[in-house]
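To start, the structure under review is shown below, and the notes come after it.
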Amino acid sequence: MSVITITKENFQHEVMESEKPVLLDFWASWCGPCRMVSPVVDEIAEETPSVRVGKVNVDEQQDLAAAFSVMSIPTLVVMKGGKIAAQSVGVRPKQQILDMLK
């Protein structure tokens, strides 16, 4: 499954109403560590059909970043049933990200 661009307009449908766990990647184009995590997140989206993967550009979606209290990026958040199930800040190896989804 491909990565979904998450905005405040589609957040309710794509994340809160999702039957699958959702991995959210809070990022920005100017963030070096975000560029390191992005291809890993893309791989997870392609390889893990049981999970939805969304990316939130914190510069464009400041309200969503504030709602999740994102202070540093990259921040990865796993949502299950509309609630935060796991959260991490900074670059993580692929296996650690996958472990967050369990």
Side-chain angles (χ1 to χ4, degrees):
M1 186 176 256
S2 60
V3 174
I4 305 160
T5 299
I6 301 296
T7 65
K8 64 183 179 188
E9 289 77 23
N10 70 2
F11 180 79
Q12 181 67 32
H13 175 71
E14 297 291 353
V15 178
M16 299 303 283
E17 296 172 6
S18 176
E19 307 232 339
K20 298 178 181 180
V22 181
L23 173 63
L24 295 174
D25 175 13
F26 289 85
W27 69 284
S29 59
W30 48 264
C31 167
C34 298
R35 289 193 297 270
M36 294 169 60
V37 168
S38 185
V40 176
V41 171
D42 293 346
E43 277 180 31
I44 291 170
E46 292 301 321
E47 297 170 1
T48 317
S50 61
V51 174
R52 298 188 86 164
V53 177
K55 293 190 179 187
V56 182
N57 183 321
V58 296
D59 290 333
E60 296 171 1
Q61 302 298 322
Q62 294 177 2
D63 291 346
L64 283 178
F68 282 86
S69 302
V70 173
M71 298 295 185
S72 300
I73 52 175
T75 293
L76 299 173
V77 176
V78 176
M79 300 286 294
K80 292 182 181 176
K83 298 190 182 332
I84 297 174
Q87 188 166 346
S88 72
V89 177
V91 177
R92 296 280 182 266
K94 184 177 179 181
Q95 189 56 52
Q96 277 188 14
I97 298 170
L98 290 170
D99 288 345
M100 288 173 58
L101 295 165
K102 292 181 181 168

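These numbers come from a predicted model, not from an experiment.
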(request) Determine, stepwise, if the pair Asn10 / Ile4 fulfils side chain to side chain contact (heavy atoms under 4.5 Å, CB included). (result) CA-CA 10 Å; Asn10 70 2; Ile4 305 160; 4.3 Å; yes

(message) If you apply the rule salt bridge (charged side-chain N to carboxylate O under 4.0 Å, His left out), what do you find for Glu47 with Lys94, and how did you get there?
(response) CA-CA 12 Å; Glu47 297 170 1; Lys94 184 177 179 181; 2.6 Å; yes

(request) Mind running side chain to side chain contact (heavy atoms under 4.5 Å, CB included) on Phe68 and Val56 for me, showing each step along the way? (result) CA-CA 11 Å; Phe68 282 86; Val56 182; over 6 Å; no

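The salt bridge (charged side-chain N to carboxylate O under 4.0 Å, His left out) test applied to Glu46 returns no partner, not counting sequence neighbours.
Val77 and Val58 fall within a single hydrophobic cluster, where Ile, Leu, Val, Met, Phe, Trp and Tyr are joined by side-chain heavy atoms under 4.5 Å apart, directly or via other members. Placement of Ile97 and Val51 within a single hydrophobic cluster is found when ILVMFWY residues are connected by side-chain heavy-atom separations under 4.5 Å, directly or transitively. In the hydrophobic cluster analysis, where Ile, Leu, Val, Met, Phe, Trp and Tyr join through side-chain heavy atoms closer than 4.5 angstrom, Val3 is grouped together with Met36. One hydrophobic cluster, built from ILVMFWY side chains closer than 4.5 Å, holds both Phe11 and Ile73. Linking ILVMFWY side-chain heavy atoms closer than 4.5 Å, directly or via other members, places Val89 and Ile84 in two distinct hydrophobic clusters.
Annotation: the span from Glu43 atom CD to Leu98 atom CG amounts to 9.5 Å, rounded to 0.5 Å. Between the CZ atom of Arg52 and the CD atom of Glu19 there is a distance of 10.0 Å, given to the nearest 0.5 Å.
Taking every heavy atom of both residues into account, Pro74 and Val37 meet most closely at CG-CG2, 3.8 Å.
The local environment of CD in Gln12 is crowded, with over 12 non-hydrogen atoms from other residues, nucleotides or ligands closer than 6.0 Å.
Contact check for Asn57 versus Thr7: no side-chain heavy atoms found under the 4.5 Å cut-off. Between Met79 and Met16, some side-chain heavy-atom pair lies under the 4.5 Å cut-off. The shortest side-chain heavy-atom distance between Gln95 and Met100 does not fall under the 4.5 Å cut-off. The shortest distance between side-chain heavy atoms of Leu76 and Val41 falls below 4.5 Å.
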Show me the donor-acceptor pairs, under 3.5 Å and distance only, between side chains in residues 20-34 and residues at least two apart or in other chains.
{"residue": "Lys20", "atom": "NZ", "partner": "Pro49", "partner atom": "O", "Å": "2.8"}
{"residue": "Trp30", "atom": "NE1", "partner": "Asp59", "partner atom": "OD2", "Å": "2.7"}

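Under 4.0 Å is where a charged nitrogen must lie from a carboxylate oxygen, and between Lys8 and Glu60 no such pair does. Under the 4.0 Å criterion applied to side-chain N and carboxylate O atoms, Asp42 and Lys55 are assigned as salt-bridge partners.
Among pairs with a residue in residues 75-87, none fulfils side chain to side chain donor-acceptor pair (under 3.5 Å), at least two apart in sequence or across chains.
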